[in-house]
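Notes follow the structure.
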Amino acid sequence: MTTSLLNKPFFSFFLHILFLLLHIFNSSSFFALAEHTSSPTSLFGNNNTEAEALLQWKASLDNQSQSLLSSWVGISPCINWIGITCDNSGSVTNLTLESFGLRGTLYDFNFSSFPNLFWLDLQKNSLSGTIPREFGKLRNLSYLDLSINHLSGPIPSSIGNMTMLTVLALSHNNLTGSIPSFIGNFTSLSGLYLWSNKLSGSIPQEIGLLESLNILDLADNVLTGRIPYSIGKLRNLFFLGLSMNQLSGLIPSSIKNLTSVSEFYLEKNKLSSPIPQEIGLLESLHVLALAGNKFHGPLPSEMNNLTHLHGLALDGNEFTGHLPVDLCHGGVLKIFTASYNYFSGSIPESLKNCTGLYRVRLDRNQLTGNISEVFGIYPHLNYIDLSYNNFYGELSSKWGDCRNMTSLQISKNNVSGEIPPELGKATQLHLIDLSSNQLKGGIPKDLGGLKLLFKLILNNNHLSGAIPLDIKMLSNLQILNLASNNLSGLIPKQLGEFLNLLLLNLSGNKFRESIPGEIGFLLSLQDLDLSCNFLTRDIPRELGQLQKLETLNVSHNMLSGRIPSTFKDMLSLTTVDISSNKLQGPIPDIKAFHNASFEALRDNMGICGNASGLKPCNLPTSSKTVKRKSNKLVVLIVLPLLGSLLLVFVVLGALSILCKRARKRNTEPENEQDRNIFTILGHDGKKFYENIVEATEEFNSNYCIGEGGYGTVYKAVMPTEQVVAVKKLHRSQTEKLSDFKAFEKEVCVLANIRHRNIVKMYGFCSHAKHSFLVYEFIERGSLRKIITSEEQAIEFDWTKRLNVVKGVGGALSYLHHSCSPPIIHRDITSNNILVDLEYEAHVSDFGTARLLMPDSSNWTSFAGTFGYTAPELAYTMKVTEKCDVYSFGVVTMEVMTGRHPGDLISALLSPGSSSSSSMPPIAQHALLKDVLDQRISLPKKGAAEGVVHMMKITLACLHPNPQSRPTMEKISFELTTKWPPLPQAFGTISLGDLFS
């Protein structure tokens, strides 16, 4: 979370102003420009040349860019030309077009026409191509900023001629090759910004020649090797950014000379060994970020000298020993993260008086001590996680005085005592997780005052008593987990007022009497667990209203009666457990019950139906009697008729068969006589086939709406005015099919899949002439079409984008974890995700690969869509669910950035992440706001939190190691809980990463 340790835009702005002032007041070249000859010939001649050069470059840009430069007309760039500044002689000295949205290249920019140019700022545009060699002709240039564009290729050697440079900014492009050794020529350089490119090789020793350097930022590249010893010569350096690379080895002892450095970023590399004691000499340090490396051993005691630290990030290493005793001796520490290490001992006492703390993460260590003694009151504290340690003692009432705290996590410790009622005064709390401790007593009614709380996790404790009715005031609650306690009494019907609730777990308690029907009002609920209680009576019919419910567990109670018939409408239900009750009668006719294991249904009074281990339901006796009597009557009437008609039917049948065979032999090739398969659920297949052929005028190209690897897609309006999408398969695909009966069975399985985010498959027609799959028609078309259309992309706001991604996650979770056997999509792309009029996502083509290659466990015959396939397919052809997870990450990144993120992904997937972290790192200096889709305004408030939340998940999906990627089930769960802070496995981006 180290990017939030520094407000970088402020510093960048400050430095730019500083450099500008330096040039205006101290640069001899500036005064030389002012004294340039002002004779009429020189003045107008040079002016015309520069104007022609600028107009020539303008003409090479796209039409939109030319309109943005509409003021560039006439013969004098010094008169009202936007972005142009001239000296007294009429010569251009400053060209600043920052954030203009320019698209094009620099190839037609005649650099030799601008002998007096000393300031060139083209940052935050969409310039592409390579950096021309002609740049070297700008020998008087002092300030060059081409950052945040789409430039590629190496840094040209001719730039080494620009020895007057004081600022060189080429960051956030696609530059490749090594950092050239001629960088040592820039002895006047104050700022070198090369972050977020694809630069490789080692950092040249010549970097030590830049003795005027104040800022060195090489983060987010693929630099290897050691940090050069010569870096210790940069005595004027106050910012050093080397994070997000593959640097290895030690931190050189020469850093002791960097006594002016204020911010030192080394996170997400492969640096190892203990931290050198020389680090303690950097007493001006405000930020020290060492997270995500392989550092080990104890911290040097000299770190106690760093009394000016505002931010310290040690997380994701292998540190042992104690935390620094005087960590907060200076009293200015705001951010301290040391999670995922092996720190032991107690928390330093100096932390108690560190009232400026904003964010603290000490989770997943071996820390101990009395938790009630080491923490004080922190008026600015926003987030604290002490989970997975060995803290004991009782929760302090002082936590209630942390009025800005949004997250309090102290799970998996040995904390005892009661939950302090004063916690209800921390009214900004969004998340409380005190699970897996030794807490006792009741749930304080004061928690009802936490109106912003959306996650309350108190499971695995010894809490007792009833659920306080005041809890009904938590109107924003999404997760309520009170499982495995000693809670008793009735389940309060007031829980039905939690209209945003997604998960309700009250299992393993002593709740009695009935399940309140009001739970059926929780229309957003996805997971309900009431198992292992003393609940009695019938299951309320109202539960059938839970249309979004995916998992239901009411096992190990004393429920009786029949399962309500309303359950037939719970089509999202995927997992159910009703075992160990007194239920009877038929199970609901839905997939969740049909696919349930015998263990999930056993030990009831007498349930029946089509499921593992159950007896079929017999018809009632009265029905059987009526049926037998009616059968006898039918026999008496029909039997005499059969005898008389039998001979006629035999003769006519024989003639009909002979005629049909003759016609078939004349009209169809022998090998295709059996190829008339119509598997269209709920329809007359033959008639449906004819209707589709007629509706598309025998697949006329006028009805074509898309084309894929397996076939062409057409829009067909049926006689009933139903609109369907028809994928007409390439003949090469249908010729591969040999077992049509198995194929037809597979179609039925896929056609029975029902999920709100999966395109419905109506069935399949196979005919000698045409073979096609029939799907639901989705109005807006593909996600790719929306993203690539300027007009549609602007309407596609952040809330809609978040909703689309959540829908795709839910669909894939369903295919992977709720279908038996699991369905791997194999080709998740923005082209295979359709969007309806309400901006709800629908995954398509989920069955095509499965149908056409049902036995293919390998991927030798299909490699997915380039740019979306998982990297492991380059060396193994085995496809798993984790391949879909990776593709989901690519699509999500595409939705967030507004374009295919190929280059960005390669930058993000730095293999230098810590072995203890399960996610690839994000570019700490490439601010999230800079990679988001620039065609729409930055997200605000809740949407901003959602975007950050989504990007955390995306990065975890893109992990190079498939085993380290989360499952779609986990992803879907995290997505549907909106945007609370995520566990470490999903990263540590904060809102600071978005806006600072």
Side-chain angles (χ1 to χ4, degrees), residues 411 419 431-437 439-445 447-448 450 453-540 542-546 548-560 564 570 573 575-581 583 600 973 976-977:
S411 65
I419 300 173
L431 187 158
I432 297 176
D433 186 354
L434 306 177
S435 61
S436 299
N437 281 289
L439 296 172
K440 61 182 181 179
I443 300 173
K445 65 177 183 178
L447 298 186
L450 302 177
L453 199 67
F454 65 78
K455 198 169 186 179
L456 178 59
I457 305 176
L458 303 175
N459 58 289
N460 292 308
N461 280 289
H462 304 297
L463 300 173
S464 58
I467 298 176
L469 298 184
D470 299 73
I471 203 171
K472 69 180 182 181
M473 293 187 290
L474 303 179
S475 57
N476 289 309
L477 208 59
Q478 296 174 13
I479 306 291
L480 178 59
N481 192 341
L482 305 178
S484 301
N485 280 288
N486 295 315
L487 298 170
S488 58
L490 306 181
I491 296 176
K493 63 182 180 181
Q494 287 80 1
L495 293 182
E497 299 180 27
F498 295 158
L499 300 183
N500 296 314
L501 204 63
L502 301 173
L503 180 148
L504 176 60
N505 192 341
L506 304 179
S507 63
N509 282 287
K510 298 176 181 178
F511 293 115
R512 55 184 173 81
E513 297 192 21
S514 60
I515 300 172
E518 285 79 2
I519 289 181
F521 299 155
L522 306 177
L523 300 183
S524 297
L525 199 64
Q526 297 175 2
D527 297 275
L528 175 60
D529 194 343
L530 305 176
S531 62
C532 301
N533 280 288
F534 301 112
L535 299 172
T536 58
R537 303 180 187 175
D538 293 352
I539 298 175
E542 291 85 352
L543 293 193
Q545 299 172 175
L546 303 177
K548 295 183 179 180
L549 197 68
E550 297 177 5
T551 64
L552 171 65
N553 191 345
V554 293
S555 65
H556 295 86
N557 280 288
M558 295 180 284
L559 300 170
S560 57
M570 301 172 71
L573 197 63
T575 304
V576 65
D577 191 343
I578 59 171
S579 62
S580 300
N581 279 288
L583 299 169
F973 176 80
T976 51
T977 53

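Reckoned from all heavy atoms, side chains included, excluding hydrogens, waters and symmetry mates. Note that the coordinates shown come from a computational prediction; the quantities given were computed from them, not determined experimentally.
- One finds the CG atom of Asn481 at 4.0 Å from the CG atom of Asn459 (value rounded to the nearest 0.5 Å).
- Under the 3.5 Å distance criterion, with hydrogens and angles disregarded, a donor-acceptor pair is assigned to the side chains of Thr551 and Asp527.
- Atom CE of residue Met570 and atom CG of residue Leu543 lie 6.5 Å apart, to the nearest 0.5 angstrom.
- Contacts classified as side-chain hydrogen bond (donor to acceptor under 3.5 Å, both in side chains) and involving residues 464-477 (residues at least two apart or in different chains) are not found.
- Of all non-hydrogen atoms in Gly517 and Glu542, the two that sit nearest each other are O-CB, 3.3 Å.
- The distance from the CD1 atom of Ile419 to the CG atom of Leu463 is 5.0 Å, given to the nearest 0.5 Å.
- You'll find the side chain of Ile479 reaches within 4.5 Å of the side chain of Phe973, heavy atoms only.
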Criterion side chain to side chain contact (heavy atoms under 4.5 Å, CB included) on Ile443 and Asn485, from CA distance to verdict | CA-CA 11 Å; Ile443 300 173; Asn485 280 288; over 6 Å; no

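- Partners of Glu550 according to the side-chain hydrogen bond (donor to acceptor under 3.5 Å, both in side chains) rule, which considers only residues two or more places apart in sequence or in another chain, do not exist here.
- When each of Leu525, Leu528, Leu474 is paired with Leu501, the side chain to side chain contact (heavy atoms under 4.5 Å, CB included) condition holds for Leu525 and for no other.
- Rounded to the nearest 0.5 angstrom, Gln526 CD and Leu504 CG are separated by 13.0 Å.
- Within the 4.5 Å cutoff, no side-chain heavy atoms of Leu552 are placed close to those of Leu546.
- Pro516 and Pro492 make their closest contact through CG-O, 4.3 Å (heavy atoms, listed as atom of the first residue, atom of the second, distance).
- Between the Asn437 side chain and the Leu439 main chain, no donor and acceptor come within less than 3.5 Å of each other.
- To the nearest 0.5 Å, atom CG of residue Asn533 and atom OG of residue Ser555 are 10.0 Å apart.
- Minimum heavy-atom separation, Pro540 to Pro564: O-CG, 3.8 Å.
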Would you check, one step at a time, whether the test side-chain hydrogen bond (donor to acceptor under 3.5 Å, both in side chains) holds for Ser435 with Asn460?
-> CA-CA 6 Å; Ser435 61; Asn460 292 308; over 6 Å; no

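- Residues Leu495 and Leu480 are in side-chain contact: their nearest non-hydrogen atoms beyond the backbone lie under 4.5 Å apart.
- By the 4.5 Å heavy-atom criterion applied to side chains, Ile471 and Leu447 are not counted as neighbours.
- Here the side chains of Ile515 and Asn557 are not in contact, with every heavy-atom distance at 4.5 Å or above.
- Residues Leu523 and Gln545 form a side-chain contact, since some pair of their non-hydrogen atoms from C-beta on lies under 4.5 Å apart.
- Listed by first and then second residue, the side-chain hydrogen bond (donor to acceptor under 3.5 Å, both in side chains) pairs involving residues 503-515 are Asn505-Ser507 (not counting sequence neighbours).
- In this structure, CD1 on Ile432 lies 7.5 Å from CG on Leu458, to the nearest 0.5 angstrom.
- Within the 4.5 Å cutoff, the side chain of Leu456 has heavy atoms near those of the Leu477 side chain.
- With Leu559 as the fixed residue, the side chain to side chain contact (heavy atoms under 4.5 Å, CB included) test singles out one of Leu530, Ile539, Thr536: Ile539.
- Under the 4.5 Å side-chain criterion, counting only non-hydrogen atoms from C-beta, Ser560 is in contact with Asp538.
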